[in-house]
Amino acid sequence: QVQLVESGGGLVQAGGSLRLSCAASGRSFSSIVMGWFRQAPGKEREFVARFSWSGGSTYYADSVKGRFTISRDNAKNTMYLQMNSLNPEDTAVYYCAAGIYGSRSSYEATYWGQGTQVTVSS
């Protein structure tokens, strides 16, 4: 079992930045595919960013590429999502996920955090 706890969400003005954190516990952080998803009101959950299985590569949704950066601290079993140049379209509940599988068009995950709200005002 893996437990995931997100933090760092909040309200920010357009153009601002936030950093989300995801603390993982329950198993080795380095041996599982980790990433971030988000779900905006009235929309389906969508992929944001993830690590490769080895952790050596990162992948991003086109909508966030160049603005968001995923990173991790294996010693702390914590993953981060640095979000810059935020715009109102980034408003969503952001979820940390572990055990990600599938393809870009239909990612799923075995474990999910409870989510953290990010609201970007115009």
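Nothing here was measured: the structure is a model prediction, and the numbers come from that model. Start at 1 with the first residue, then count along the sequence.
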Participant: Quick one: CG on Asn87 to OG on Ser121, what's the gap to the nearest 0.5 Å?
Facilitator: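 The CG atom of Asn87 sits 11.5 Å away from the OG atom of Ser121.
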
Participant: With side chains defined as the heavy atoms from C-beta onward, is the minimum distance between Tyr111 and Gln1 less than 4.5 Å?
Facilitator: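 Yes; the side chains approach each other to less than 4.5 Å.
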
Participant: CZ of Arg45 to CZ of Arg38: how many Å apart, nearest 0.5 Å?
Facilitator: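 Here the interatomic distance stands at 13.5 Å.
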
Participant: Let me confirm one number: the CD-OG distance from Gln13 to Ser122, rounded to the nearest 0.5 Å.
Facilitator: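 The CD atom of Gln13 sits 9.5 Å away from the OG atom of Ser122.
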
Participant: Sub-3.5 Å donor-acceptor pair from the side chain of Tyr60 to the main-chain atoms of Ile70, do we have one?
Facilitator: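 Yes, Tyr60 side chain to Ile70 backbone: donor-acceptor pair under 3.5 Å.
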
Participant: Has Arg67 got a side-chain atom pairing as donor or acceptor with Ser85's backbone, closer than 3.5 angstrom?
Facilitator: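 Such a contact is found between Arg67 side chain and Ser85 backbone.
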
Participant: Could you check whether Glu108 and Ser106, counting side-chain N and O atoms only, form a donor-acceptor pair closer than 3.5 Å?
Facilitator: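 No pair is found: no donor N or O on one side chain lies under 3.5 Å from an acceptor on the other.
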
Participant: Are Val93 and Trp112 connected in the hydrophobic side-chain network, where two residues link if heavy atoms are under 4.5 Å apart?
Facilitator: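 Cluster IDs for Val93 and Trp112 match.
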
Participant: If you draw a 6.0 Å radius around NZ in Lys65, do more than 12 non-hydrogen atoms from other residues or ligands fall strictly inside?
Facilitator: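 More than 12 within 6.0 Å, yes.
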
Participant: Decide yes or no for Asn77 and Arg72: does some side-chain heavy atom of the first lie under 4.5 Å from some side-chain heavy atom of the second?
Facilitator: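 Heavy-atom side-chain distance check fails, nothing below 4.5 Å.
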
Participant: Do Arg50 and Tyr59 get their side chains close enough for a donor-acceptor pair, meaning under 3.5 Å?
Facilitator: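 No, because no side-chain N or O of Arg50 sits under 3.5 Å from a partner of the opposite role on Tyr59.
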
Participant: Would you call Met83 and Ser17 a side-chain contact if the rule is heavy atoms closer than 4.5 Å?
Facilitator: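 No, too far: nothing below the 4.5 Å cut-off.
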
Participant: Measure the shortest side-chain to side-chain distance between Val118 and Asp90 over non-hydrogen atoms and say whether it is less than 4.5 angstrom.
Facilitator: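 Val118 vs Asp90: side chains apart.
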
Participant: Just by distance, do the side chain of Glu6 and the backbone of Gly115 share a donor-acceptor pair under 3.5 Å?
Facilitator: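 At least one qualifying donor-acceptor pair exists.
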
Participant: Indicate, with yes or no, if Tyr107 and Val33 share a hydrophobic cluster defined by side-chain heavy-atom contacts under 4.5 Å among Ile, Leu, Val, Met, Phe, Trp and Tyr.
Facilitator: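 Yes: a chain of side-chain contacts under 4.5 Å links Val33 to Tyr107.
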
Participant: Side-chain contact test, heavy atoms from C-beta onward, threshold under 4.5 Å: evaluate it for Ser71 versus Arg19 and give yes or no.
Facilitator: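 Result no, sub-4.5 Å side-chain heavy-atom pair not found.
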
Participant: Do Leu81 and Tyr94 make a side-chain contact, defined as non-hydrogen atoms from C-beta onward lying under 4.5 Å apart?
Facilitator: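 Touching, per the 4.5 Å side-chain cut-off.
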
Participant: So, do Ile100 and Phe47 sit near enough that their side-chain heavy atoms are less than 4.5 Å apart?
Facilitator: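 They are not in side-chain contact.
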
Participant: Please determine whether residues Val48 and Val12 belong to a single hydrophobic cluster, defined as Ile, Leu, Val, Met, Phe, Trp and Tyr linked transitively by side-chain heavy-atom distances below 4.5 Å.
Facilitator: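 Yes, it is one cluster - the side chains of Val48 and Val12 are joined through contacts under 4.5 Å.
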
Participant: So do the side chains of Met79 and Asn74 get within less than 4.5 Å of each other, counting heavy atoms only?
Facilitator: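 With C-beta onward as the side chain, the pair stays apart.
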
Participant: Could you tell me if Thr78 and Asp73 have a donor-acceptor pair between their side chains, going purely by distance under 3.5 Å?
Facilitator: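 No donor-acceptor contact under 3.5 Å links the two side chains.
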
Participant: Shortest non-hydrogen contact from Ala98 to Ala109?
Facilitator: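 Minimum heavy-atom contact is O-CB, 3.7 Å.
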
Participant: Walk me through it: do Cys96 and Trp36 pass the test side chain to side chain contact (heavy atoms under 4.5 Å, CB included)?
Facilitator: CA-CA 5 Å; Cys96 172; Trp36 293 92; 4.0 Å; yes

Participant: Are the side chain of Thr91 and the backbone of Glu89 linked by a donor-acceptor contact shorter than 3.5 Å?
Facilitator: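 No; zero donor-acceptor contacts below 3.5 Å.
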
Participant: To the closest 0.5 Å, what do you measure between CG (Asn84) and CG (Leu18)?
Facilitator: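 Rounded to the nearest 0.5 Å, the CG-CG separation comes out at 9.5 Å.
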
Participant: Is the gap between the ring centers of Tyr95 and Phe37 under 6.0 Å?
Facilitator: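 When the ring centroids of Tyr95 and Phe37 are compared, they turn out to be at least 6.0 Å apart.
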
